[in-house]
Amino acid sequence: MTEGGTTLEFTPTWIVAVVCSFIVVISLAVERLLHYLGKLMKRKNQKPLFEALQKIKEELMLLGFISLLLTVFQNRINSICIPEHLTEEWLPCKKEDESESAAAAKHFVTSSFSFFAGGGGGSRRLLAEAAGNSCKEGKVPILSTTALHHLHIFIFVLACVHVAFSALTILFGSAKIRQWKHWEDAVSKQDLDPENAKGGRLIHVQDHDFIKNRFQGMGRNSYLFGLVHSFFKQFYGSVSKSDYITLRAGFIMTHCRGSPKFNFHKYMMRALEADFKKVVGISWYLWIFVVIFLLLNVAGWHAYFWIAFVPFGLLLAVGTKLEHIITKLAHEVAEKHVAVTGDLVVQPSDDLFWFHKPKLVLFLIHVILFQNSFELAFIFFIWLQYKFDSCIMGKVGYIIPRLILGAFVQFVCSYSTLPLYALVTQMGSQFNKAVFEEHVQVGLVGWAKQAKKNTVLRKAAANGESSTTHHAAGHSEDSSSPPPRPAPLAAAFQMAKLAKKENSSSNGDQGGEIVGDDSGTATAAASSHGPHKSS
């Protein structure tokens with residue numbers, strides 16, 4: 001009973017058994033829920049979402065390991081003593097005089113653990129800390145048991161809020177993108193129309209809706225006004241039908257030429273689902289942000305108020321850039337052509353993006369979502385742990401703008417920025433491997449591994465044969481040289497065609513999701529080995 005409470009030596013066994021059973025049942029229920037959710041995703045061939053679920057499991061395992069470390073090394077951390085004057089600076093709350101401090105301590109003891117640990121646990125913990133302080137006079141523990149416990153809870157809340165908000169963003173963004181499905185269906189029917197298939201239709205560029213909306217009017221002759229127009233465009237009608245159709249045509253003509261049945265909408269959804277597993281995780285650099293944010297939470301600095309503008313500013317910058325890329329594509333077409341035959345086609349290029357890297361946009365969206373989650377998770381944690389009137393929470397005049405900015409970032413990122421990202425990032429020089437369906441990807445990867453293995457075996461056999469023969473070196477090398485490697489295009493075509501037939505025989509689907517016919521499959525496969533390679 002040295003820590004202010006009863007040990008297991010004097011705790012009734014039925015209490016230990018009941019509490020242990022309760023914890024095990026909850027843990028197993030969560031584990032089974034994730035397991036069956038994963039089986040459901042596999043059954044529906046949702047491998048990207050399944051991989052995102054695996055990423056969530058990894059984050060939960062990391063949280064469990066952090067929890068284990070904090071629990072095991074709790075006494076060691078408490079035994080580290082530092083001079084008391086070091087704890088009087090860089091405080092989240094200003095220290096009060098003795099009378100006010102005593103009242104505040106009494107309030108803390110009675111209400112600190114009102115939500116997460118119950119009302120009486122806080123007083124017992126504080127008494128245990130006071131009795132168990134082993135530091136010499138003039139020194140204090142580097143981190144109290146109470147502060148360590150609160151830090152533990154905050155890390156858990158942060159991870160849960162980030163995963164939840166990222167999932168909501170992807171779900172709402174996907175719902176917005178699914179509204180473009182009727183555009184895809186309309187264009188597909190138009191492409192299959194025999195009259196439109198003949199081509200030869202002359203279109204004046206200036207009369208095209210895409211050019212009217214993006215090239216004419218404000219921003220035509222001024223780069224600055226073009227940015228201003230792109231800034232406001234992200235808030236209303238960020239993607240129009242003419243934008244979707246034109247960018248779709250540019251992607252197909254660049255990467256999948258000759259494939260009239262290519263389902264660009266389904267490919268875009270697969271690519272977005274593949275990116276989701278990257279967004280939902282907490283990378284090492286995001287943990288660095290957490291440490292920096294915790295360091296800057298000093299009384300009087302109002303650091304969290306200013307930090308709230310970081311995801312807000314990044315969101316506006318990313319949205320403006322994505323809109324400006326569409327506008328720049330319109331400018332390139334309008335300045336080069338007066339009239340075109342057939343569809344209006346833009347030219348995708350990595351040069352349109354910051355530092356020629358389309359994936360940088362995904363990195364910024366990841367940072368935006370995490371920083372916004374951190375802001376809202378911190379407010380949520382402080383509100384439940386220390387009450388709304390806590391000094392850590394700050395004044396109401398700083399809290400309300402933070403909540404408004406957080407809600408704004410979450411809404412705009414879900415309904416505008418993420419759909420823009422899903423469409424505009426397809427305008428890079430490379431295409432996503434999601435252009436192939438999962439069974440085709442597996443087949444091509446297996447073929448590549450087998451071909452590489454066969455090449456190594458042929459070289460080994462050739463070297464062994466050349467070392468044992470004593471004939472002319474030139475004739476020996478010619479006779480033992482490995483046969484030429486089959487053309488990657490032909491092999492990819494045969495593999496995709498075979499996978500397509502297997503898919504059709506298994507689920508009765510007439511035609512693949514990647515392309516509509518064999519020529520389209522060959523085109524997609526050729527793109528993967530041509531100048532535009534899969535990312």
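Predicted, not measured: the structure shown is a model, and the values here were computed from it.
Screening Phe293, Phe289, Phe165 for a ring-ring contact (aromatic ring centres under 6.0 Å, His included) involving Phe374 leaves a single residue, Phe293.
Considering only heavy atoms from C-beta on, Phe378 stays 4.5 Å or farther from Trp383 through its side chain. Ile326 has its side chain within reach of Leu247: a pair of non-hydrogen atoms, C-beta onward, lies under 4.5 Å apart. Under the 4.5 Å side-chain criterion, counting only non-hydrogen atoms from C-beta, Phe363 is in contact with Tyr285. Contact annotation: the side chain of Val409 never approaches that of Gln371 to less than 4.5 Å [non-hydrogen atoms, C-beta and beyond]. Side chains of Ile392 and Phe381 form no contact here, defined as non-hydrogen atoms less than 4.5 Å apart. Looking at Cys81 and Val140, their side chains never come closer than 4.5 Å, going by heavy atoms from C-beta outward. Under the 4.5 Å side-chain criterion, counting only non-hydrogen atoms from C-beta, Ile153 is in contact with Gln385. Side-chain contact between Leu168 and Ser414 is absent, with no heavy-atom pair separated by less than 4.5 Å.
Counting non-hydrogen atoms of neighbouring residues, nucleotides and ligands closer than 6.0 angstrom, the CH2 atom of Trp306 reaches no more than 12 such neighbours. No more than 12 heavy-atom neighbours from other residues, nucleotides or ligands sit within 6.0 angstrom of NZ on Lys42. No more than 12 heavy atoms of other residues, nucleotides or ligands sit less than 6.0 Å from atom OH of Tyr398. Shown here is Arg32, whose CZ atom has more than 12 heavy atoms of other residues, nucleotides or ligands within 6.0 Å. Heavy-atom neighbours of Phe411 CZ from other residues, nucleotides or ligands within 6.0 Å: at or below the threshold of 12. A 6.0 Å sphere centred on CZ of Phe73 holds no more than 12 heavy atoms belonging to other residues, nucleotides or ligands. For Tyr236, the OH atom counts as densely surrounded, since its 6.0 Å shell holds more than 12 non-hydrogen atoms of other residues, nucleotides or ligands.
Distance NZ/Lys321 to CG/Leu227: 8.5 Å, rounded to 0.5 Å. Atom-to-atom distance recorded for Leu423:CG and Leu272:CG is 11.5 Å, nearest 0.5 angstrom. The OH atom of Tyr304 sits 12.0 Å away from the CE atom of Met393 when rounded to the nearest 0.5 Å. Atom CG of Leu420 and atom NZ of Lys233 lie 10.0 Å apart (nearest 0.5 Å). Going from atom CG of Leu362 over to atom CZ of Phe276 covers 12.0 Å, rounded to the nearest 0.5 Å. Rounding to the nearest 0.5 angstrom, the gap separating the OG atom in Ser166 from the CG atom in Leu369 is 5.0 Å.
A donor-acceptor pair under 3.5 Å links the side-chain atoms of His265 to the main chain of Ile177, judged by distance alone. Of the possible donor and acceptor atoms, one in the side chain of Thr327 sits under 3.5 Å from a partner among the backbone N and O of Glu323. Side-chain N or O atoms of Asn297 include none that pairs as donor or acceptor with a backbone N or O of Pro92 at under 3.5 Å. Formation of a donor-acceptor pair under 3.5 Å by the His356 side chain with backbone atoms of Phe353 is not found in this model. Between the side chain of Ser429 and the backbone N or O of Ser349 there is no donor-acceptor pair closer than 3.5 Å. Side chain of Asn78 to backbone of Gln74: a donor-acceptor contact under 3.5 angstrom is found.
Counted by atom type alone, Ser240 and Ser242 present one or more donor-acceptor pairs between their side chains at under 3.5 Å. Under 3.5 Å, the side chains of Gln234 and Thr320 contain a donor-acceptor pair of N or O atoms.
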Begin with the C-alpha distance, continue with both residues' side-chain angles, and end with the deciding distance and a verdict on ring-ring contact (aromatic ring centres under 6.0 Å, His included) for Tyr244 and Phe210. CA-CA 9 Å; Tyr244 180 84; Phe210 179 68; over 10 Å; no

Between Leu352 and Glu332, is the side-chain contact (heavy atoms from CB on, under 4.5 Å) condition met? List the steps. CA-CA 11 Å; Leu352 299 169; Glu332 290 179 354; 3.9 Å; yes

Take Trp301 and Trp90 through the test side-chain contact (heavy atoms from CB on, under 4.5 Å) and record every step on the way to the result. CA-CA 10 Å; Trp301 287 15; Trp90 292 68; 3.8 Å; yes

Between Ile26 and Phe22, is the side-chain contact (heavy atoms from CB on, under 4.5 Å) condition met? List the steps. CA-CA 6 Å; Ile26 294 179; Phe22 184 72; 3.4 Å; yes

What verdict does the side-chain contact (heavy atoms from CB on, under 4.5 Å) test give for Arg76 and Ile80, after you've listed the backbone C-alpha separation in whole Å, the side-chain angles of each residue and the deciding distance to 0.1 Å? CA-CA 7 Å; Arg76 288 291 184 89; Ile80 300 176; over 6 Å; no

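The two atoms that bring Gly428 and Pro358 nearest to each other are CA-CG, 4.3 Å, heavy atoms only. Between Leu63 and Ala159, the shortest heavy-atom distance links the atoms CD1-CB, 3.4 Å. A pairwise comparison of heavy atoms in Phe388 and Ile399 identifies CZ-CD1, 3.9 Å as the closest pair. For the residue pair Ala422 and Thr425, the shortest heavy atom distance occurs at O-OG1, 4.0 Å. Taking both residues in full, the closest heavy atoms of Cys413 and Thr169 are given as SG-CG2, 4.1 Å, listed atom of the first, atom of the second, then distance. Listed here is the closest heavy atom pair of Cys135 and Pro141: SG-N, 3.6 Å.
Applying the side-chain contact (heavy atoms from CB on, under 4.5 Å) rule to Thr71 yields the partners Ser67; only residues at least two apart in sequence or on another chain are considered.
In this structure, His150 has its ring center under 6.0 Å from that of Tyr386. Ring to ring, Phe154 and Phe380 are not that close: their centroids are 6.0 angstrom or more apart.
Ring orientation note: the planes of Phe305 and Phe309 are nearly perpendicular, at an angle over 60° on the 30°/60° scale. Note on ring orientation: taking the six-membered ring where Trp is involved, the planes of Phe172 and Tyr415 are parallel (angle under 30°, cut-offs 30° and 60°).
Taking 4.0 Å as the cut-off between side-chain N and carboxylate O, Lys139 and Glu84 do not count as a salt-bridged pair. Salt bridge status for Glu184 with Lys266: absent, with no side-chain N to carboxylate O gap under 4.0 Å. Salt bridge annotation for Asp209-Lys241: absent, with no cationic side-chain nitrogen under 4.0 angstrom from a carboxylate oxygen.
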